[in-house]
Amino acid sequence: MELAKTRTEAKVVGMPTSGLMLVVGHPKSGKTWFASNAPDSIVIELEENGADRVAWGRIQEIHCTDANALEQLDEVMNLVMGDDSIKTVVIDSVDQWAKLLQDDIAKKAGVEFIGKPKAGVDSRALWGEFAQRVHTITDALKASGKLIILIAHCKPPEKDNDGRVTTPAGINVSGKGGSYIAAQAEMIGFVGVRVLANKAQHYITFKSASDLAIWRSRVDELHEKEIVLDKTAPWKSFEAAFAPSKPAQK
């Protein structure tokens, strides 16, 4: 066994151009609006009417009610990954993507839902297959060389009778799939909207003030940061967080 060598290269800094970003929020909070503003991006829209209010960017809609929706998604993703002009891929939402996988597994097993007991069917094995498929796809997305933005709806924290948090807030993906996606994401931000002086203000926060949530990122520039998003150019507001700080005036 050899000891680790001394680091001689500079630490990676700046806006990530590949890997996974998880954008979490409540319905109509501005998640897709924010992510679709990324340059050279395409939105893979799985939510019904999810792109109605998006005014920019390329959008490929897939209706999850179609019998071959999962096959359509696979075909679109293969085309997207082979297109060098697309630098950022937005999947809206990971909730629907996970549901397509669950429905496919359930259909092949002859059950209505993978968590619904049925004689002769091992529900634990079905959940294991779901987790494995999520792991495999997540790993492939992360290694794609593109920036992958996964949009997810917020799952509230679970509390005991004394009000103590037993499970922190996370994303709305059942089983161990959701925790794996969150663990692999380099950036996890919560998009929200608040009203100040009778005006709506959108923001994305990377703060982890309590155990109520999982909004933690492995990118130094975003540590404990909250960013107010410009109405006409939200992605530029996000990019500004990575701009080199100016030296203090003497």
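Predicted model, so just to flag it, every value in this text is computed and none were measured. One is the number of the first residue; the rest follow in order along the sequence.
I62 places none of its side-chain heavy atoms less than 4.5 Å from the side chain of E71. Side-chain contact between L100 and C64 is present, with at least one heavy-atom pair separated by less than 4.5 Å. No side-chain heavy atom of K87 sits less than 4.5 Å from a side-chain heavy atom of T17. In this structure, the side chains of V193 and H26 stay at 4.5 Å or more apart for every pair of heavy atoms.
The nearest pair of heavy atoms linking S36 to V43 is CB-CG2, 3.6 Å. When all heavy atoms are compared, the tightest approach of L22 to A152 is CD1-CB, 4.2 Å. The nearest pair of heavy atoms linking A182 to I188 is O-CD1, 3.5 Å. Here the shortest heavy-atom pairing between R218 and Q184 reads NH2-O, 3.5 Å. Smallest separation of non-hydrogen atoms from F190 and G25: CE1-CA, 3.8 Å. Of all heavy-atom pairs spanning L147 and P16, the tightest one is CD2-O, 4.1 Å.
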Test side chain to side chain contact (heavy atoms under 4.5 Å, CB included) applied to H153 and E47, step by step: CA-CA 11 Å; H153 291 94; E47 297 277 342; 3.4 Å; yes

CA sep, side-chain torsions, deciding dist, call: Q60, V80, side chain to side chain contact (heavy atoms under 4.5 Å, CB included): CA-CA 10 Å; Q60 178 66 51; V80 165; over 6 Å; no

Side chain to side chain contact (heavy atoms under 4.5 Å, CB included) between L126 and V111, worked out: CA-CA 10 Å; L126 298 184; V111 295; 4.1 Å; yes

Worked verdict on W97 versus L101 for side chain to side chain contact (heavy atoms under 4.5 Å, CB included): CA-CA 7 Å; W97 168 52; L101 293 178; 4.0 Å; yes

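F130 and Y180 are assigned to two separate hydrophobic clusters, defined by single-linkage of ILVMFWY side chains at heavy-atom distances under 4.5 Å. A continuous path of hydrophobic side-chain contacts links V90 to M15 [ILVMFWY only; heavy atoms under 4.5 Å]. The cluster map of Ile, Leu, Val, Met, Phe, Trp and Tyr, joined by side-chain heavy atoms under 4.5 Å apart, puts F242 and V191 in the same cluster.
With respect to the salt-bridge test (charged N to carboxylate O, under 4.0 angstrom), the residues D104 and K108 qualify. Here D95 does not pair with K99 in a salt bridge; the nearest charged N to carboxylate O distance is not below 4.0 Å.
Judged by distance alone, the side chain of E186 and the main-chain N or O of L20 form a donor-acceptor pair under 3.5 Å. Under a 3.5 Å cut-off, the side chain of K146 and the backbone N or O of V89 do not form any donor-acceptor pair. Without hydrogens or angle criteria, E221 side chain to G14 main chain gives a donor-acceptor distance under 3.5 Å. Of the possible donor and acceptor atoms, none in the side chain of D66 sits under 3.5 Å from a partner among the backbone N and O of N68. Of the possible polar contacts, none joining the K225 side chain to the D220 backbone as a donor-acceptor pair under 3.5 Å is found. A distance-only check finds no donor-acceptor pair linking the side chain of D162 to the backbone of R164 [under 3.5 Å]. Checked by atom type and distance alone, the side chain of S237 pairs as donor or acceptor with a backbone atom of D230 at under 3.5 Å.
The CD1 atom of I42 sits 9.5 Å away from the CE atom of M77 when rounded to the nearest 0.5 Å. I151 contributes atom CD1, which lies 11.0 Å from atom CD1 of I44 (distance to the nearest 0.5 angstrom). Within the model, atoms CG of D92 and CG of L46 stand 7.0 Å from one another, a figure rounded to the nearest 0.5 Å. Distance CG/L222 to CD1/I227: 6.0 Å, rounded to 0.5 Å.
Listed by chain and number, the residues in a side chain to side chain donor-acceptor pair (under 3.5 Å) with D74 amount to none (sequence neighbours excluded).
Just one residue in the list F238, F34, W33 forms a ring pair (Phe, Tyr, Trp, His ring centres under 6.0 Å) with H202, and that residue is W33. Under the side chain to side chain contact (heavy atoms under 4.5 Å, CB included) rule, M21 has a single partner from V219, L150, I149, which is I149.
Under the 30°/60° scheme for interplanar angles, the aromatic rings of F113 and W127 are found to stand perpendicular.
The environment of CD in E75 is sparse: at most 12 heavy-atom neighbours from other residues, nucleotides or ligands sit within 6.0 Å. Within 6.0 Å of CZ in R124 there are 12 or fewer heavy atoms belonging to other residues, nucleotides or ligands.
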